Amino acid sequence: MLDATTRSGGTATVLPRATTTELAVAAPVPAVPLGRAARWGRALLSPWARFSLLVALLVGALVTVLLFEPQRLLADGWPPQLGGAAAAVVFAVAYGLCTVAFVPRPILNLAAGALFGSQLGLASALAGTVLGAGIAFGLGRILGQDALRPLLRHRWLKSADGQLSRHGFRSMLAARLFPGVPFWAANYCASVSRMGYLPFLLATALGSIPNTAAYAVAGARASTPTSPAFLIAMACIAIPALVGAALAWRKRHHLRAR
(Lines give C-alpha, C1' and ligand atoms only; values in the text may rest on other atoms or scores of the structure.)
Protein backbone atom coordinates (compact mmCIF):
# COMPACT_ATOMS: atom_id res chain seq x y z
CA MET A 1 0.00 0.00 0.00
CA LEU A 2 1.32 3.47 -0.89
CA ASP A 3 1.22 6.18 1.75
CA ALA A 4 1.09 8.99 -0.77
CA THR A 5 1.28 9.05 -4.52
CA THR A 6 1.85 11.77 -6.99
CA ARG A 7 0.67 10.91 -10.42
CA SER A 8 2.42 12.61 -13.29
CA GLY A 9 2.69 10.99 -16.63
CA GLY A 10 1.69 7.60 -15.31
CA THR A 11 4.42 7.45 -12.64
CA ALA A 12 4.02 7.32 -8.88
CA THR A 13 6.41 8.59 -6.20
CA VAL A 14 6.42 6.85 -2.84
CA LEU A 15 7.10 8.93 0.23
CA PRO A 16 9.12 6.88 2.83
CA ARG A 17 7.73 6.37 6.31
CA ALA A 18 10.01 7.03 9.29
CA THR A 19 9.88 4.08 11.60
CA THR A 20 10.07 4.28 15.35
CA THR A 21 13.31 2.29 15.35
CA GLU A 22 15.04 4.83 13.14
CA LEU A 23 13.80 7.66 15.33
CA ALA A 24 15.09 5.88 18.41
CA VAL A 25 18.54 5.38 16.90
CA ALA A 26 18.77 8.94 15.74
CA ALA A 27 17.77 10.39 19.09
CA PRO A 28 20.85 11.47 21.11
CA VAL A 29 21.46 9.66 24.40
CA PRO A 30 22.12 12.12 27.20
CA ALA A 31 25.34 11.52 29.15
CA VAL A 32 24.72 10.44 32.70
CA PRO A 33 27.09 12.30 35.05
CA LEU A 34 29.03 10.18 37.53
CA GLY A 35 27.98 10.52 41.11
CA ARG A 36 30.32 11.60 43.85
CA ALA A 37 30.74 8.02 45.10
CA ALA A 38 31.67 6.80 41.63
CA ARG A 39 34.22 9.58 41.18
CA TRP A 40 35.79 8.84 44.55
CA GLY A 41 35.88 5.14 43.75
CA ARG A 42 37.63 5.76 40.44
CA ALA A 43 40.15 8.06 42.12
CA LEU A 44 40.90 5.56 44.87
CA LEU A 45 41.44 2.77 42.35
CA SER A 46 43.75 4.82 40.15
CA PRO A 47 47.35 3.57 39.73
CA TRP A 48 48.91 6.40 41.72
CA ALA A 49 46.40 6.07 44.55
CA ARG A 50 47.26 2.38 44.85
CA PHE A 51 50.97 3.17 44.71
CA SER A 52 50.52 5.74 47.49
CA LEU A 53 48.86 3.04 49.57
CA LEU A 54 51.83 0.74 48.96
CA VAL A 55 54.27 3.45 50.06
CA ALA A 56 52.19 4.11 53.18
CA LEU A 57 52.14 0.41 54.07
CA LEU A 58 55.89 0.04 53.63
CA VAL A 59 56.65 3.20 55.61
CA GLY A 60 54.37 1.99 58.39
CA ALA A 61 56.08 -1.41 58.41
CA LEU A 62 59.52 0.20 58.55
CA VAL A 63 58.52 2.49 61.42
CA THR A 64 57.10 -0.50 63.30
CA VAL A 65 60.37 -2.36 62.94
CA LEU A 66 62.43 0.61 64.09
CA LEU A 67 60.23 1.24 67.12
CA PHE A 68 59.37 -2.27 68.33
CA GLU A 69 62.17 -4.43 66.86
CA PRO A 70 60.07 -7.57 66.27
CA GLN A 71 63.20 -9.50 65.28
CA ARG A 72 64.24 -9.50 68.93
CA LEU A 73 61.01 -11.27 69.85
CA LEU A 74 61.79 -14.02 67.37
CA ALA A 75 65.32 -14.50 68.64
CA ASP A 76 65.04 -13.80 72.39
CA GLY A 77 61.39 -13.68 73.41
CA TRP A 78 60.06 -16.84 71.74
CA PRO A 79 57.23 -18.36 73.83
CA PRO A 80 58.62 -21.38 75.67
CA GLN A 81 55.36 -23.29 75.37
CA LEU A 82 55.74 -23.44 71.59
CA GLY A 83 57.92 -26.23 70.28
CA GLY A 84 58.37 -28.68 67.46
CA ALA A 85 56.73 -28.42 64.06
CA ALA A 86 53.93 -26.11 65.25
CA ALA A 87 56.47 -23.59 66.52
CA ALA A 88 58.37 -23.81 63.23
CA VAL A 89 55.19 -23.00 61.30
CA VAL A 90 54.41 -20.00 63.52
CA PHE A 91 58.01 -18.84 63.17
CA ALA A 92 57.82 -19.14 59.37
CA VAL A 93 54.72 -16.93 59.26
CA ALA A 94 56.33 -14.35 61.55
CA TYR A 95 59.52 -14.56 59.49
CA GLY A 96 57.63 -13.79 56.28
CA LEU A 97 55.87 -10.78 57.78
CA CYS A 98 59.15 -9.45 59.17
CA THR A 99 60.88 -9.65 55.80
CA VAL A 100 58.07 -7.62 54.24
CA ALA A 101 58.77 -5.03 56.97
CA PHE A 102 62.47 -4.87 55.95
CA VAL A 103 63.88 -6.92 58.84
CA PRO A 104 67.26 -8.26 57.63
CA ARG A 105 67.07 -11.94 56.75
CA PRO A 106 70.47 -12.89 58.25
CA ILE A 107 69.15 -12.06 61.74
CA LEU A 108 66.07 -14.19 61.17
CA ASN A 109 68.08 -17.07 59.70
CA LEU A 110 70.42 -17.11 62.69
CA ALA A 111 67.40 -17.07 65.00
CA ALA A 112 65.83 -19.99 63.14
CA GLY A 113 68.95 -22.10 63.55
CA ALA A 114 69.35 -21.16 67.21
CA LEU A 115 65.72 -21.98 68.02
CA PHE A 116 65.10 -25.11 65.96
CA GLY A 117 68.46 -26.51 64.97
CA SER A 118 69.99 -26.84 61.52
CA GLN A 119 67.38 -28.90 59.66
CA LEU A 120 64.10 -27.63 61.11
CA GLY A 121 65.51 -24.12 61.29
CA LEU A 122 66.43 -24.24 57.60
CA ALA A 123 62.97 -25.49 56.65
CA SER A 124 61.23 -22.82 58.73
CA ALA A 125 63.48 -20.01 57.47
CA LEU A 126 63.11 -21.10 53.86
CA ALA A 127 59.32 -21.26 54.17
CA GLY A 128 59.32 -17.78 55.70
CA THR A 129 61.55 -16.52 52.91
CA VAL A 130 59.18 -17.75 50.21
CA LEU A 131 56.15 -16.45 52.12
CA GLY A 132 57.65 -13.00 52.61
CA ALA A 133 58.78 -12.80 49.00
CA GLY A 134 55.32 -13.83 47.80
CA ILE A 135 53.60 -11.20 49.94
CA ALA A 136 55.95 -8.46 48.77
CA PHE A 137 55.59 -9.53 45.14
CA GLY A 138 51.81 -9.52 45.40
CA LEU A 139 51.72 -6.09 47.03
CA GLY A 140 54.03 -4.64 44.40
CA ARG A 141 52.13 -6.25 41.52
CA ILE A 142 48.67 -5.13 42.70
CA LEU A 143 49.51 -1.70 44.10
CA GLY A 144 52.61 -0.56 42.26
CA GLN A 145 52.97 -2.06 38.79
CA ASP A 146 50.44 0.10 36.93
CA ALA A 147 51.94 3.31 38.30
CA LEU A 148 55.63 2.44 37.89
CA ARG A 149 55.75 0.68 34.53
CA PRO A 150 55.21 3.90 32.51
CA LEU A 151 58.30 5.34 34.27
CA LEU A 152 60.64 2.66 32.89
CA ARG A 153 62.07 4.92 30.18
CA HIS A 154 65.77 4.95 30.98
CA ARG A 155 67.88 2.53 28.97
CA TRP A 156 69.16 0.46 31.86
CA LEU A 157 65.70 0.35 33.45
CA LYS A 158 64.25 -0.98 30.22
CA SER A 159 67.08 -3.50 29.99
CA ALA A 160 66.51 -4.74 33.54
CA ASP A 161 62.76 -4.93 32.97
CA GLY A 162 63.24 -6.87 29.75
CA GLN A 163 65.63 -9.30 31.43
CA LEU A 164 63.22 -9.95 34.30
CA SER A 165 60.20 -10.22 32.00
CA ARG A 166 61.76 -12.56 29.40
CA HIS A 167 64.07 -14.60 31.62
CA GLY A 168 62.33 -14.33 34.95
CA PHE A 169 63.35 -17.63 36.54
CA ARG A 170 67.07 -17.51 35.82
CA SER A 171 67.30 -13.78 36.52
CA MET A 172 65.68 -14.14 39.92
CA LEU A 173 67.72 -17.26 40.67
CA ALA A 174 70.90 -15.28 40.03
CA ALA A 175 69.63 -12.41 42.19
CA ARG A 176 68.96 -14.76 45.10
CA LEU A 177 72.34 -16.45 44.79
CA PHE A 178 74.20 -13.15 44.55
CA PRO A 179 74.67 -11.82 48.11
CA GLY A 180 74.82 -8.16 47.09
CA VAL A 181 71.18 -7.88 45.93
CA PRO A 182 68.86 -6.80 48.79
CA PHE A 183 65.98 -9.19 49.34
CA TRP A 184 63.29 -6.48 49.35
CA ALA A 185 64.70 -4.76 46.26
CA ALA A 186 64.59 -7.97 44.23
CA ASN A 187 61.00 -8.58 45.33
CA TYR A 188 59.65 -5.20 44.27
CA CYS A 189 61.69 -4.97 41.07
CA ALA A 190 60.32 -8.35 40.01
CA SER A 191 56.76 -7.28 40.85
CA VAL A 192 56.98 -4.27 38.54
CA SER A 193 58.19 -6.45 35.65
CA ARG A 194 56.05 -8.98 33.80
CA MET A 195 57.60 -11.97 35.52
CA GLY A 196 55.21 -14.76 36.41
CA TYR A 197 54.31 -15.51 40.01
CA LEU A 198 55.30 -19.20 39.92
CA PRO A 199 58.79 -18.68 38.39
CA PHE A 200 59.43 -15.97 40.95
CA LEU A 201 58.57 -18.22 43.89
CA LEU A 202 60.49 -21.22 42.53
CA ALA A 203 63.60 -19.15 41.86
CA THR A 204 63.34 -17.61 45.33
CA ALA A 205 63.07 -21.01 47.00
CA LEU A 206 65.97 -22.58 45.12
CA GLY A 207 68.26 -19.55 45.14
CA SER A 208 67.81 -18.89 48.85
CA ILE A 209 68.82 -22.38 49.99
CA PRO A 210 72.65 -21.95 50.18
CA ASN A 211 72.71 -18.67 52.08
CA THR A 212 69.82 -19.61 54.36
CA ALA A 213 71.39 -22.98 55.17
CA ALA A 214 74.71 -21.37 56.06
CA TYR A 215 73.08 -18.93 58.48
CA ALA A 216 70.86 -21.61 60.01
CA VAL A 217 73.83 -23.89 60.68
CA ALA A 218 75.80 -20.97 62.11
CA GLY A 219 72.91 -20.14 64.42
CA ALA A 220 72.52 -23.75 65.51
CA ARG A 221 76.25 -24.14 66.26
CA ALA A 222 76.84 -20.67 67.69
CA SER A 223 77.47 -22.18 71.13
CA THR A 224 80.48 -24.06 69.74
CA PRO A 225 82.26 -21.50 67.55
CA THR A 226 85.30 -23.74 67.06
CA SER A 227 83.33 -26.68 65.66
CA PRO A 228 83.91 -27.62 62.01
CA ALA A 229 80.22 -27.11 61.15
CA PHE A 230 80.26 -23.55 62.48
CA LEU A 231 83.53 -22.70 60.71
CA ILE A 232 82.30 -24.12 57.41
CA ALA A 233 79.02 -22.21 57.72
CA MET A 234 80.87 -18.95 58.38
CA ALA A 235 83.09 -19.61 55.38
CA CYS A 236 80.00 -20.18 53.21
CA ILE A 237 78.70 -16.82 54.40
CA ALA A 238 81.93 -14.86 54.09
CA ILE A 239 83.29 -16.14 50.77
CA PRO A 240 80.21 -15.32 48.61
CA ALA A 241 79.98 -11.92 50.31
CA LEU A 242 83.62 -11.15 49.47
CA VAL A 243 83.19 -12.37 45.89
CA GLY A 244 80.06 -10.28 45.50
CA ALA A 245 81.79 -7.20 46.90
CA ALA A 246 84.74 -7.68 44.53
CA LEU A 247 82.45 -8.07 41.53
CA ALA A 248 80.47 -4.99 42.51
CA TRP A 249 83.69 -2.97 42.93
CA ARG A 250 84.96 -4.12 39.54
CA LYS A 251 81.66 -3.30 37.89
CA ARG A 252 81.75 0.13 39.50
CA HIS A 253 85.13 0.92 37.94
CA HIS A 254 83.96 -0.49 34.62
CA LEU A 255 80.97 1.85 34.61
CA ARG A 256 83.19 4.81 35.48
CA ALA A 257 85.50 3.96 32.59
CA ARG A 258 82.57 4.01 30.22
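Being a predicted model, the structure only gives us computed values, none of them experimental.
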Does [X] reach the side chain of [Y], with side-chain heavy atoms less than 4.5 Å apart?
{"X": "F51", "Y": "L148", "answer": "yes"}
{"X": "L198", "Y": "F169", "answer": "no"}
{"X": "L177", "Y": "L206", "answer": "no"}
{"X": "T99", "Y": "F183", "answer": "yes"}
{"X": "L58", "Y": "L62", "answer": "no"}
{"X": "L164", "Y": "V192", "answer": "no"}
{"X": "N187", "Y": "F200", "answer": "yes"}

- Task: State whether a side-chain donor-acceptor pair under 3.5 Å links R176 with S208.
- Result: no

- Could you verify whether a donor N or O on one side chain and an acceptor N or O on the other, from T129 and R105, lie under 3.5 Å apart? yes

- Message: Between the side chains of D161 and R194, is the shortest nitrogen-to-carboxylate-oxygen separation below 4.0 Å, so that they form an ion pair?
- Response: no

- Single-linkage hydrophobic cluster, 4.5 Å side-chain cutoff, Y197 and I142 together: no

- Message: Hydrophobic clustering (ILVMFWY, side-chain heavy atoms < 4.5 Å, transitive) - are F178 and I209 grouped together?
- Response: no

State the [atom1]-[atom2] distance between [X] and [Y], to the nearest 0.5 angstrom.
{"X": "F137", "Y": "S193", "atom1": "CZ", "atom2": "OG", "value": "6.0 Å"}
{"X": "T64", "Y": "L67", "atom1": "OG1", "atom2": "CG", "value": "7.0 Å"}
{"X": "M195", "Y": "R141", "atom1": "CE", "atom2": "CZ", "value": "8.5 Å"}
{"X": "N109", "Y": "L122", "atom1": "CG", "atom2": "CG", "value": "8.5 Å"}

- Distance-only, no hydrogens or angles: does the Y95 side chain make a donor-acceptor pair with backbone N or O of L131 under 3.5 Å? no

- Task: Take F91 and L115 through the test side-chain contact (heavy atoms from CB on, under 4.5 Å) and record every step on the way to the result.
- Result: CA-CA 10 Å; F91 182 89; L115 291 171; 3.8 Å; yes

- Contacts of Q163 that satisfy side-chain contact (heavy atoms from CB on, under 4.5 Å) - sequence neighbours left out: H167, R170, S171

- For S191, the side chain to side chain donor-acceptor pair (under 3.5 Å) test, sequence neighbours excluded, returns none

- Which heavy atom of M172 sits nearest a heavy atom of A190, and at what distance? CE-CB, 3.6 Å

- If you take all heavy atoms of A136 and V100, which pair is closest and at what distance? N-CG2, 4.3 Å

Atom pairs and distances, donor-acceptor, side-chain atoms in residues 218-243, under 3.5 Å, two or more places apart:
from, atom 1, to, atom 2, distance (Å)
T224, OG1, R221, O, 3.3
T224, OG1, S227, OG, 3.3
S227, OG, T224, O, 2.8
S227, OG, F230, N, 3.4

- In a check of side-chain contact (heavy atoms from CB on, under 4.5 Å) between Y215 and each of N211, V217, T212, which one passes? N211

- Would you sort out whether L143 and L57 count as a side-chain contact (heavy atoms from CB on, under 4.5 Å), showing the intermediate values? CA-CA 11 Å; L143 300 178; L57 290 175; 4.1 Å; yes

